[in-house]
Amino acid sequence: MAALISCEDLWKIYRLGDVEVQALRGVDLLIEEGEFVAIMGASGSGKSTLMNILGCLDRPTKGCYRLQGVDVGGLRADQLAEIRNRRIGFVFQNFNLIPRTSALENVQLPLFYRGLPLRQQRALAAEALARVGLQGRENHYPSQLSGGQQQRVAIARALVASPSLLLADEPTGNLDTQSSLEIMAILDGLNKKQRITIVLVTHETDIAAYAEREVVMKDGRILTDRKTPSRASALSVEA
Amino acid sequence: MPTFLLLTALTAVRILGRNRLRTGLTMLGIVIGVGAVIAMVSIGEGAKAAVAERVASMGTNVILVLPGAVTTGGVRGGQGGVVTLTTADAVELKKRIPLLRETGWARRDVMQIVHGNKNWNGTVNGISPSYLTIRGWSFTGGGPLTQQDLDTAARVAVLGQTAVDNLFEPGEEPVGAIIRINHVPFRVVGTLAPKGQSAQGMDQDDVIFIPFSTAERKVFGTRFLGSVGALFASTERPEDLAPAVAQIREVLRQRHRLQPDQDDDFFIRTQVDIGKVHEDTSETLTIMLFSIASVSLLVGGIGIMNILLVSVTERTKEIGVRMAVGATRRHILIQFLVEAMTLSVLGGCLGILVGMLGARATTVVAGWPTIISPETVIAAFVFSVAVGLFFGLYPANKAAWMSPIDALRYE
Ligand SMILES: Nc1ncnc2c1ncn2[C@@H]1O[C@H](COP(=O)(O)OP(=O)(O)OP(=O)(O)O)[C@@H](O)[C@H]1O
Ligand SMILES: [Mg+2]
């Protein structure tokens with residue numbers, strides 16, 4: 001079975017005038033369907049850069065990224081948009097909800113671009129909100145929700161389209177411990193119960209402990225890649 | 001796609017509704033532009049229609065010959081200032097030019113007219129019976145002057161509407177009544193349907209027609225018997241007008257014994273000439289309107305483009321989010337185009353409304369006739385859509401061609 005994600009020698013080089021920043025310097029990575037991977041590493045080590053490429057939001061300068069066996073580098077912009085729409089859910093550190101637009105409409109967005117009838121959009125979005133424990137908040141604006149609630153809306157938006165891959169770049173970075181635990185419980189459930197592959201960037205070891213695999217980056221390269229040791233103890237906290 | 005468009009339009013309205021002041025100010029250019037155009041086109045069309053009506057009220061295929069400049073011993077008389085045309089000229093023209101269906105003549109003067117205790121200074125025209133037919137007058141009561149009236153210099157009169165209004169009580173029957181023109185009693189034999197203003201803006205209904213012979217001998221008092229104020233002729237078909245004019249000129253020059261080096265001592269005018277003046281004016285008006293429309297729509301369009309560029313920049317992050325969840329370039333492009341068009345169409349509709357009110361106000365306040373044709377309204381609407389599309393294209397493209405990651409990272 002082909003890996004869900006397969007990266008070979010990924011490079012990302014930013015040019016700022018004369019200065020060249022090598023954000024990724026030859027990343028090789030294989031992630032199988034159903035895995036829960038945490039990416040860690042110092043600030044500036046290239047985690048977000050890698051995530052954006054994995055999420056088809058950005059293209060590598062060099063190297064090959066295959067998603068479900070398809071070389072993404074050869075696809076047109078609208079084909080990438082479709083992949084983002086159907087196969088990938090993205091959760092950001094700063095939530096990235098559209099302001100002054102209700103929670104329900106934010107969650108509807110992927111379905112809206114998929115061209116589903118409005119009723120179906122509404123029904124599926126309401127269901128997704130319920131799954132993250134936000135029933136009754138459908139008509140709240142982002143500004144009327146707490147950070148943790150906003151992030152749950154973002155997760156609902158990411159999973160409403162039933163993606164096979166969920167990418168979360170520091171999803172708990174702006175949240176307090178309690179909210180962080182709630183978010184992680186949701187993500188853990190998605191991975192365990194719905195077999196959604198999750199790649200998560202975090203700075204915190206207890207968050208990383210939810211994952212079954214821990215990838216550490218340094219200076220645009222993968223430093224270590226191993227099974228999470230403290231997984232069992234982290235789960236006992238949740239229980 | 002229809003769902004997408006509908007929802008996009010609703011979103012656009014909501015977004016524009018959030019920022020009412022900004023939306024209003026942005027639309028103002030279009031509102032004023034479209035409003036001005038609608039108002040001015042309706043005034044222009046109203047004026048054009050009025051002119052066309054007045055030109056038509058002259059009668060159909062009419063040639064008018066007026067006495068004109070005579071140069072005798074270096075003295076040049078003004079138009080109508082000198083007696084150069086006579087009833088004999090008219091008779092001769094009819095005899096010699098087969099193209100002419102009819103010829104007639106008239107002379108006019110302002111006289112005091114009395115009926116009962118009413119007293120009025122009106123224009124009295126001494127005419128040949130053919131005059132009324134040539135000028136296309138129709139009757140509301142009684143009948144026309146006859147050849148016999150002319151031959152016997154009968155004291156009979158036909159009244160225009162203004163004359164009737166000024167001499168008779170409302171509901172009073174004018175036909176059969178006796179009026180006094182310059183103390184001479186006349187019997188009213190007919191009343192005329194109103195024609196309104198002339199091409200020169202005179203009240204054409206301010207008239208009383210009496211037989212030419214009667215006018216000459218009993219009312220006006222004339223130095224030269226047979227001299228007329230104007231000759232009229234009509235042709236069967238419009239295309240006969242030009243050759244008929246040439247022949248009239250030929251005959252009159254002969255009869256007036258003008259040498260080849262002498263100027264005409266008369267003027268010839270046709271409806272075509274009179275209509276042309278107005279055509280030229282309305283053409284100038286149209287060009288002016290077109291310039292105003294272009295400039296105001298340009299300004300309005302630039303306003304829309306400007307605010308849309310601001311909006312695209314402000315919402316860069318939102319664009320990134322939309323792209324991240326699967327919006328294609330086309331989706332983003334359409335979203336901003338729809339916003340631009342919502343602005344311009346809303347502005348256009350308001351402009352149409354403002355223009356209609358403006359036209360109405362012009363009619364009420366200044367008394368000018370205005371016409372708002374459906375074509376004008378449709379054209380204005382289509383133009384607004386086009387302006388939105390055209391000026392929205394650049395900002396929308398700018399939004400659509402952002403890279404998802406750069407848009408998302410934008411602060
Ligand atoms: N758009 C860009 N232009 C230029 N340089 C960039 C850009 N984005 C990232 N970089 C550089 O690439 C490197 C990796 O950045 P990246 O955002 O991937 O780090 P990170 O591991 O996510 O860090 P953090 O933990 O702080 O989020 C950094 O040195 C950063 O300065
Ligand atoms: Mg980062």
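So that the names make sense, note that chain A is the first sequence line, chain B the second, and so on, each numbered from 1.
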Would you please go through residues 300-322 of chain B and name the residues with a non-hydrogen atom below 4.5 Å from one of chain A, in numerical order? B:Lys317, B:Glu318, B:Val321, B:Arg322
What parts of residues 12-31 of chain B touch chain A if we use heavy atoms and a cut-off under 4.5 Å?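 Answer by number: B:Arg14, B:Arg18.
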At a heavy-atom separation under 4.5 Å, does [X] approach chain B through its side chain, its backbone, both, or neither?
X: A:Gln79; answer: neither
X: A:Pro163; answer: neither
X: A:Arg100; answer: both
X: A:Ile98; answer: side chain

To check you understand the geometry: which heavy-atom pair defines the closest contact between [X] and [Y], and what is its length?
X: B:Ala327; Y: A:Ala81; result: O-CB, 3.7 Å
X: B:Val325; Y: A:Asn85; result: O-ND2, 2.9 Å
X: A:Arg84; Y: B:Ala324; result: CB-O, 3.5 Å
X: A:Leu116; Y: B:Thr3; result: O-CG2, 4.1 Å

Student check: side-chain heavy atoms of B:Thr11 and A:Glu105 closer than 4.5 Å: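 Counting from C-beta outward, B:Thr11 and A:Glu105 never come under 4.5 Å.
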Would one find more than 12 heavy atoms of other residues, nucleotides or ligands at under 6.0 Å from atom OH of A:Tyr65?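 Counting other residues, nucleotides and ligands, OH of A:Tyr65 exceeds 12 neighbours.
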Point-to-point distance, once rounded to the nearest 0.5 Å, from [atom1] of [X] to [atom2] of [Y]:
X: A:Asp78; Y: B:His331; atom1: CG; atom2: NE2; value: 10.0 Å
X: A:Tyr113; Y: B:Ile332; atom1: OH; atom2: CD1; value: 4.5 Å
X: A:Leu118; Y: B:Leu6; atom1: CG; atom2: CG; value: 8.5 Å

Heavy-atom pair count under 4.5 Å with chain B, highest-scoring of A:Pro117, A:Ala161, A:Ala77, A:Pro110: A:Pro110
